[in-house]
Asker: 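Below is the structure I would like to discuss, written out as structure tokens.
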There are 2 protein chains.
Amino acid sequence: MKTIKDIAKELGLSVSTVSRALNDKPDIKKETKEKILEEMKRLNYSPNANARSLIQKKSNIIGLMLSDITDPFFSEVALGVEEVSSKSGYQVIYGNTFLNLEKEKRFLSSLLERKIDGLIMKPGKLDEELLRLIEQLEIPIVFLRKLRENEQHLNVSSIDVNHYKAAYRAVEYLIKLGHVNIGFIGMSKDVSEEEDRLKGFLDCLENHNINYTDDNIIISGTGIEHGGTGVKQLLNKKSNITAIFTANDLLAIGALEWLVKNNYKVPENISVVGFENLEISSLHWINLTTVDLPRKKIGIQAAEMLMNMVSSDHVKKEEVELDTKLIIRKSTGGNQLHS
Amino acid sequence: MKTIKDIAKELGLSVSTVSRALNDKPDIKKETKEKILEEMKRLNYSPNANARSLIQKKSNIIGLMLSDITDPFFSEVALGVEEVSSKSGYQVIYGNTFLNLEKEKRFLSSLLERKIDGLIMKPGKLDEELLRLIEQLEIPIVFLRKLRENEQHLNVSSIDVNHYKAAYRAVEYLIKLGHVNIGFIGMSKDVSEEEDRLKGFLDCLENHNINYTDDNIIISGTGIEHGGTGVKQLLNKKSNITAIFTANDLLAIGALEWLVKNNYKVPENISVVGFENLEISSLHWINLTTVDLPRKKIGIQAAEMLMNMVSSDHVKKEEVELDTKLIIRKSTGGNQLHS
DNA sequence: CTGTTAGCGCTTTCAG
DNA sequence: CTGAAAGCGCTAACAG
């Protein structure tokens with residue numbers, strides 16, 4: 001491996017002069033610089049970023065901690081993050097955690113050792129140790145979700161959509177279509193984003209004086225198959241349901257599939273609204289009314305926020321909330337029982 | 001930031017002793033070691049991986065160059081790669097190139113400076129400069145596709161499925177179902193994987209003495225929408241087509257969508273076979289017969305190969321070819337015109 | 001404009 | 001078993 005020394009020796013110069021040429025410093029004669037740059041090319045020299053990091057106390061690396069890169073939401077976020085970061089000269093070290101505490105800790109520890117300059121992360125529920133780890137990093141951080149109760153003291157920024165408002169609007173749309181018996185199919189009680197969506201759902205019903213019981217709400221799981229089991233349970237408990245709001249598109253698609261197989265007509269008998277606007281949700285057969293999340297934008301903006309933070313010493317905490325859009329397609333229609 | 005010096009000073013020891021404790025070296029008294037480890041915890045010490053990399057000439061970082069992480073194929077590969085690498089103590093720097101030569105070069109150059117230990121990559125068509133860059137890296141490399149003509153001299157390993165055989169088998173299946181007028185919808189002439197698939201398609205027809213013309217083949221594009229335009233063109237030119245083999249699932253799904261909208265019945269009027277086995281291809285409405293690619297396995301095995309290579313000085317070139325499986329679903333059926 | 005020097009945080013001889 | 005010293009490749013004062 002060629003070093004700055006090799007160049008210097010070859011040209012009879014000092015390493016500092018070579019360094020100056022390498023870093024576009026002003027105090028160097030044009031010709032010397034050109035000569036050096038040429039020699040670098042000739043010797044296939046490539047500077048050692050680790051050595052540079054060591055002395056400058058800046059690695060030009062950021063971390064990206066996700067739960068699962070195969071989730072279309074995160075892969076688009078990751079795309080946006082990498083795009084913005086690489087443009088600013090940063091490399092991205094990425095890791096999947098599946099919201100597993102141990103994996104989260106291991107990944108953050110490894111980033112801590114690498115002395116990264118910034119971090120974009122979607123953590124699960126943080127325990128004391130993890131909170132300490134995050135503080136210990138002492139670098140700008142952007143959360144890909146809102147800060148929770150026990151995280152308010154952290155000096156980290158965040159970006160997320162307003163899940164509450166998004167859900168509220170979606171349900172309001174169903175109510176305007178004449179639906180009064182509306183079910184909810186969720187993923188898990190432990191996901192705070194879902195909590196917000198559920199709250200939006202419930203508040204909307206209440207504000208419109210619509211009655212509901214616990215039976216209107218099924219917590220089913222996170223995959224397509226849970227959409228099926230979800231509707232089934234829901235209709236078992238409340239056979240008069242005419243509309244369903246699900247916590248994500250996969251659940252909605254699973255529900256749709258189950259409904260079709262069991263001879264329900266969508267939207268004639270039952271309306272279904274999803275959440276996420278996956279690419280496949282616009283397919284002819286699915287045509288799902290759903291809430292669009294600006295996924296790539298989240299990634300881009302998260303990275304832009306981080307780039308600003310790493311390049312300024314005064315880091316001010318910022319909590320960004322992006323807006324969503326209800327995409328109306330063919331899985332929703334007027335309530336036939338009331339029209 | 002705490003350093004090894006702080007620990008040493010605090011305990012009245014030398015840095016080398018601290019280093020020994022840190023690295024589990026044998027020549028250190030048990031009690032000293034314990035004392036040091038405790039002090040490290042107390043001071044929240046975390047070693048500097050960059051300093052270590054510098055002296056050990058080993059970064060414990062690998063690179064992962066993909067065309068597009070939002071492609072389900074690559075996101076699963078990325079998942080497998082990260083899983084295996086992190087288990088072996090390696091961090092993954094990832095980048096998207098969209099097969100753009102400039103982006104590929106920029107990304108590789110940045111990896112070159114970072115002095116990474118290994119690289120997994122899915123490049124496009126390599127030009128001279130890129131070939132030189134790859135050699136210049138002087139590290140173990142695994143390609144996520146077969147080596148092409150002008151790359152044979154490279155000392156890089158590769159892993160891929162046998163696209164030719166997979167296509168051949170899929171088409172053979174259609175022929176066994178009685179089809180003789182079979183069309184092909186492809187993405188682009190520049191994708192070597194597709195070349196192999198097309199060759200498998202053509203060889204299979206020839207070996208079964210089935211006639212075809214250029215009109216049996218449409219190169220349409222890469223997204224769902226191109227599936228639609230593809231079938232349309234195909235049926236315009238050859239209205240007697242009863243089966244279609246597409247170069248990927250998205251094309252097949254787009255074709256399916258167009259067929260349904262235009263009142264063709266699948267598989268009664270037309271059979272469709274895809275390639276990739278996306279998750280959505282098993283949906284009730286789609287139910288696509290397709291070729292399953294072991295995506296996650298490719299990622300895992302690529303990383304395992306790389307881990308072996310980086311931890312042994314004698315790197316031997318290896319070209320792995322994984323097998324595929326034809327998944328038979330409801331988008332294919334017997335040729336009604338002949339039965 | 002260029003060279004000398006010190007040192008980033010760590011590992012690794014080599015003595016003792 | 002422990003310490004002193006050298007040095008990985010580079011940057012950043014400070015002289016000149």
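Since we're looking at a predicted model, the values are computed, not measured. Letters A, B, ... are given to chains in the order of the sequence lines, protein chains preceding strands, and every chain is numbered from 1.
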Asker: Could you give the CZ-to-C1' distance, from B:Arg20 to C:dC14, as a whole number of Å?
Answerer: 11 Å
Asker: Calculate the interatomic distance between A:Lys9 atom NZ and C:dG3 atom P; express it in whole Å.
Answerer: 15 Å
Asker: When you match A:Lys30 and A:Ser16 each to their closest nucleotide on DNA chain C, which lands nearer the 5' end?
Answerer: A:Lys30
Asker: Starting the side chain at C-beta, find the nucleotide from D:dG9, C:dG3, C:dT11 nearest to A:Ala51.
Answerer: D:dG9
Asker: Just how far, in rounded Å, is C1' of D:dC10 from CD1 of A:Ile55?
Answerer: 6 Å
Asker: Below the 4.0 Å mark, does D:dC1 have OP1 or OP2 next to a side-chain nitrogen or oxygen of B:Lys33?
Answerer: no
Asker: For DNA chain D, whose closest nucleotide is more 5', that of B:Leu54 or that of B:Gly12?
Answerer: B:Gly12
Asker: Which whole-number value in Å describes the distance from A:Met1 CE to D:dC10 C1'?
Answerer: 11 Å
Asker: Could you state the CG-P distance from A:Leu22 to D:dC10, rounded to the nearest angstrom?
Answerer: 8 Å
Asker: Could you tell me whether B:Arg42 and B:Glu39 make a salt bridge, using a distance below 4.0 angstrom between a side-chain N and a carboxylate O?
Answerer: yes
Asker: Using a heavy-atom cut-off of under 4.0 Å over every strand shown, decide if B:Thr3 touches base, sugar-phosphate, or nothing.
Answerer: sugar-phosphate
Asker: For a quick check of understanding: with a heavy-atom distance under 4.0 Å over all strands, which category does B:Asp27 fall into, base, sugar-phosphate or nothing?
Answerer: base
Asker: Do the side chain of A:Asn50 and the main chain of B:Arg114 share a donor and acceptor less than 3.5 angstrom apart?
Answerer: yes
Asker: So what does A:Asn50 hit on the nucleic acid, given a heavy-atom distance under 4.0 Å: a base, only sugar-phosphate, or nothing?
Answerer: nothing
Asker: Do the charged groups of A:Arg145 and A:Asp160 touch, with an N to O distance under 4.0 Å?
Answerer: no
Asker: Could you state the atom-to-atom distance from CG of B:Leu112 to P of D:dG9 in whole Å?
Answerer: 14 Å
Asker: What is the distance from atom CG of A:Leu306 to atom CG of A:Leu119, rounded to the nearest 0.5 Å?
Answerer: 7.5 Å
Asker: Rounded to the nearest angstrom, tell me the gap between atom CG in B:Asn23 and atom P in C:dT12.
Answerer: 7 Å
Asker: Any idea which of D:dT2, D:dC10, C:dG9 is nearest the B:Ile28 side chain?
Answerer: D:dT2
Asker: Within less than 4.0 Å of OP1 or OP2 of C:dG3, is there a side-chain N or O belonging to A:Ser14?
Answerer: yes
Asker: Just how far is it from atom CG of B:Leu37 to atom CD1 of B:Ile7, taken to the nearest 0.5 Å?
Answerer: 9.5 Å
Asker: With a 4.0 Å limit, can you tell me whether B:Lys115 has a side-chain N or O closer than that to the phosphate oxygens OP1/OP2 of D:dG9?
Answerer: no
Asker: Could you state the atom-to-atom distance from NZ of B:Lys57 to C1' of C:dC10 in whole Å?
Answerer: 13 Å
Asker: Are OP1 or OP2 of D:dA12 and a side-chain N or O of A:Lys25 less than 4.0 angstrom apart?
Answerer: yes
Asker: Hey, which of these two, A:Asn48 or B:Val15, hits DNA chain D nearer its 5' end, going by closest nucleotide?
Answerer: B:Val15
Asker: Between B:Arg52 and C:dC10, does any side-chain N or O lie under 4.0 Å from OP1 or OP2?
Answerer: no
Asker: Any base atoms under 4.0 Å from A:Thr32, or only sugar-phosphate, or nothing? Heavy atoms, all strands.
Answerer: sugar-phosphate
Asker: A quick test of your reading: do over 12 heavy atoms of other residues, nucleotides or ligands sit less than 6.0 Å from NZ of A:Lys125?
Answerer: no
